[in-house]
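To start, the structure itself, in structure tokens.
Since we're looking at a predicted model, the values are computed, not measured.
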Amino acid sequence: MKIVAADVIVTSPNRNFVTLKITTDEGITGLGDATLNGRELSVVAYLREHVVPLLIGADPHRIEDMWQFLYRGAYWRRGPVTMAAIAAVDVALWDIKAKAAGMPLYQLLGGASRTGLLAYGHASGKTNEELFDSIRSHQEQGYRAIRVQTGVPGLKSIYGIASNATLEGNEGVRYDHEPAQRGARPAQEDWDTRAYLRHVPTVFEAVRNEFGPELPLLHDAHHRMTPIQAAKLGKSLEPYDLFWLEDCTPAENQEALRLVRQHTTTPLAIGEIFNTVWDYQQLIREQLIDYVRSAVTHTGGITHLKKVLEYAAQYQIKSGMHGPTDISPVGMAAAMHLGLAIHNFGIQEYMQHGERTNEVFQQSFTWTDGYLHPGDQPGIGVELDVDEAGKYPYEQAYLPYNRLADGTVHDW
């Protein structure tokens with residue numbers, strides 16, 4: 001079997017997606033997700049100009065060899081653009097191999113380790129009343145675990161709140177499902193860490209009083225704190241028994257998590273902006289985190305992320321794969337197959353895609369009683385309707401950014 005074509009398809013049904021479609025001389029096709037939110041065209045150029053020419057004529061079954069060739073052969077390693085491009089190739093090749101075998105991908109990864117994947121959804125509100133309504137809505141949709149994001153008094157617009165106002169031209173879009181708003185410039189938001197640290201514990205106290213102790217609750221601090229501020233937040237949230245506190249501080253400085261660990265027993269999840277095992281090396285070895293947050297899409301595909309998670313398993317660290325709507329249905333399917341197969345699965349983030357996206361990407365997964373399953377269709381279980389995708393051309397969109405009250409740019 002040989003690769004005879006590799007096409008990079010850009011479409012924007014509910015948001016921008018980049019998909020790699022590889023075709024073999026036997027007519028088998030495979031899909032890979034190469035979406036990098038707010039910087040999509042950088043990966044498009046990397047694939048079209050530098051990677052696709054290397055794929056033609058190659059043996060699609062040599063997945064590990066191709067991964068090493070694209071990673072080591074470029075000399076310039078790592079980074080989100082390179083790793084998203086490699087991930088797209090990797091997942092497309094796994095899709096082809098599983099289709100050729102006549103099996104769903106998880107069977108080639110060792111078979112199922114569970115019957116379904118516990119998933120969490122995103123509840124939010126500017127006020128407690130709005131937040132409570134959102135939590136109840138997610139429970140009605142079947143979610144058994146819920147991420148809680150809250151507005152902060154005095155701040156107009158912050159990360160993760162569905163009802164945030166959007167820029168002109170983005171009306172009708174749920175903000176937390178698509179913070180990368182379409183337009184020529186990114187939206188500017190405001191931030192005050194001290195106000196946030198005062199307010200968040202009161203919200204979780206109210207949520208626990210309303211919904212009881214059994215509901216698994218998660219929270220995303222979204223990189224906005226220094227290590228000592230993150231430690232303070234983790235400690236203040238201990239009475240409310242969080243499933244995890246996510247991205248409490250920017251973790252490029254891996255040893256910063258030592259300070260956080262010294263001060264709190266709140267479980268920590270890190271890594272949605274990480275790209276390789278090297279970003280995790282110290283965090284895993286020193287057991288400074290409890291959950292690996294990387295996405296298949298941004299971490300070199302199934303081949304590499306599986307190795308990261310196997311390393312994490314040695315330290316009883318579990319998966320918590322990134323799964324917002326900027327992970328396409330192709331990337332989500334890959335995550336489901338990997339999560340079903342590994343032993344150290346923890347939880348899967350699951351934000352539901354829009355109707356137009358689901359028309360572009362036909363999917364075989366199921367969502368039943370709070371659990372995901374990728375389905376048993378050969379391959380990853382996703383097919384792309386190229387004609388439907390062509391109806392929605394790329395639209396420029398940027399993620400927001402933060403400024404403090406004095407105008408300083410701050411982590412968003």
Side-chain angles (χ1 to χ4, degrees), residues 1-13 15-100 105 275-276 295-305 326-334 360-361 379-380 382-390 392-396:
M1 189 186 294
K2 300 294 182 184
I3 295 172
V4 295
D7 301 297
V8 182
I9 299 160
V10 183
T11 184
S12 190
R15 63 157 332 278
N16 293 319
F17 296 112
V18 180
T19 307
L20 177 66
K21 181 179 181 180
I22 295 178
T23 304
T24 73
D25 57 356
E26 296 183 13
I28 301 176
T29 61
L31 299 178
D33 181 18
T35 306
L36 186 62
N37 199 5
R39 295 294 187 269
E40 296 90 352
L41 297 185
S42 61
V43 191
V44 171
Y46 193 102
L47 283 167
R48 284 179 175 164
E49 303 299 326
H50 303 292
V51 174
V52 166
L54 302 175
L55 299 178
I56 306 304
D59 180 353
H61 285 306
R62 297 182 62 178
I63 298 175
E64 177 71 26
D65 182 71
M66 179 60 75
W67 196 97
Q68 298 295 342
F69 171 59
L70 293 177
Y71 181 79
R72 299 178 188 278
Y75 186 69
W76 309 106
R77 303 180 184 180
R78 305 166 64 185
V81 175
T82 295
M83 299 308 287
I86 293 175
V89 175
D90 185 77
V91 171
L93 296 185
W94 277 111
D95 192 17
I96 289 169
K97 185 179 283 289
K99 286 177 179 176
L105 175 56
N275 312 123
T276 71
V296 171
T297 299
H298 303 138
T299 317
I302 289 167
T303 295
H304 189 64
L305 186 53
D326 61 307
I327 304 298
S328 86
V330 173
M332 277 298 297
V360 171
F361 298 92
I380 62 171
V382 181
E383 296 298 333
L384 176 70
D385 186 328
V386 176
D387 292 335
E388 191 69 22
Y392 307 107
Y394 169 82
E395 295 189 41
Q396 188 174 35

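The side-chain heavy atoms of Val10 and Glu40, taken from C-beta on, include no pair separated by under 4.5 Å. Ile96 is not listed as a side-chain neighbour of Thr29, based on a closest heavy-atom distance of 4.5 Å or more. Within the 4.5 Å cutoff, the side chain of Trp94 has no heavy atoms near those of the Ile380 side chain. Contact of the Asp25 side chain with the Met1 side chain is registered, since non-hydrogen atoms from C-beta on lie closer than 4.5 Å. Annotation: side chain of Thr82 is not in contact with side chain of Leu70 (no heavy-atom distance under 4.5 Å). Between Leu93 and His61, the closest side-chain pair of non-hydrogen atoms is not below 4.5 Å. Within the 4.5 Å cutoff, side-chain heavy atoms of Ser42 are placed close to those of Leu36.
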### Task
Would you sort out whether Leu20 and Asp7 count as a side-chain contact (heavy atoms from CB on, under 4.5 Å), showing the intermediate values?
CA-CA 6 Å; Leu20 177 66; Asp7 301 297; over 6 Å; no
#### Entry: Step-by-step side-chain contact (heavy atoms from CB on, under 4.5 Å) determination, Gln396 to Tyr394
CA-CA 7 Å; Gln396 188 174 35; Tyr394 169 82; 4.2 Å; yes
### From CA spacing to verdict: side-chain contact (heavy atoms from CB on, under 4.5 Å), Asp90, Met66
CA-CA 8 Å; Asp90 185 77; Met66 179 60 75; over 6 Å; no
### Task
For side-chain contact (heavy atoms from CB on, under 4.5 Å), just list the numbers for Thr299 and Met83, CA-CA rounded to whole Å, side-chain angles, deciding distance to a tenth of an Å, and then say yes or no.
CA-CA 6 Å; Thr299 317; Met83 299 308 287; 5.9 Å; no
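Looking at Glu388, its side chain never comes within 3.5 Å of a backbone N or O of Val386 through a donor-acceptor pair. With hydrogens and angles disregarded, no donor-acceptor distance shorter than 3.5 Å links the side chain of Arg78 to the backbone of Thr276. Listed for the Asn275 side chain is no donor-acceptor partner under 3.5 Å among the backbone atoms of Gly300. Proximity of a side-chain donor or acceptor of Asp95 to a complementary backbone N or O of Leu31 within less than 3.5 Å is detected. Of the possible donor and acceptor atoms, none in the side chain of Asp326 sits under 3.5 Å from a partner among the backbone N and O of Asn37. Remark: side-chain polar atoms of Asp59 are not paired, donor with acceptor, to backbone N or O of Lys2 under 3.5 angstrom. Listed for the His298 side chain is a donor-acceptor partner under 3.5 Å among the backbone atoms of Thr35.
Among all heavy-atom pairs drawn from Leu55 and Ala6, the shortest one is CD1-CB, 3.9 Å. Nearest approach of Val382 to Ala333, heavy atoms of both residues: CG2-CB, 3.6 Å. Between Pro393 and Ser12 the shortest heavy-atom distance is O-CB, 3.2 Å. Of all heavy-atom pairs between Ala87 and Gly301, the closest is CB-N, 3.1 Å. Of all heavy-atom pairs spanning Ala92 and Ile22, the tightest one is CB-CD1, 3.7 Å.
Both tests pass for Arg15 against the ring of Phe17: distance under 6.0 Å to the centre and angle within 45° of the axis.
Under the rule for a side-chain contact (heavy atoms from CB on, under 4.5 Å), the partners of Ala34 that lie at least two apart in sequence or sit in another chain are Val18, Val43, Leu47, Ala88. For Ala389, the side-chain contact (heavy atoms from CB on, under 4.5 Å) partners two or more places apart in sequence, or in a different chain, are Ile9, Thr11, Val360, Leu384.
Other residues, nucleotides and ligands contribute at most 12 non-hydrogen atoms within 6.0 Å of the CZ atom of Arg62. Within 6.0 Å of CZ on Arg39 lie no more than 12 heavy atoms contributed by other residues, nucleotides or ligands.
Between Lys99 and Glu383, at least one side-chain N (NZ, or NE/NH1/NH2) sits under 4.0 Å from a carboxylate O, which counts as a salt bridge.
Here the CD1-CD1 distance, from Ile28 to Ile3, works out to 11.5 Å after rounding to the nearest 0.5 Å.
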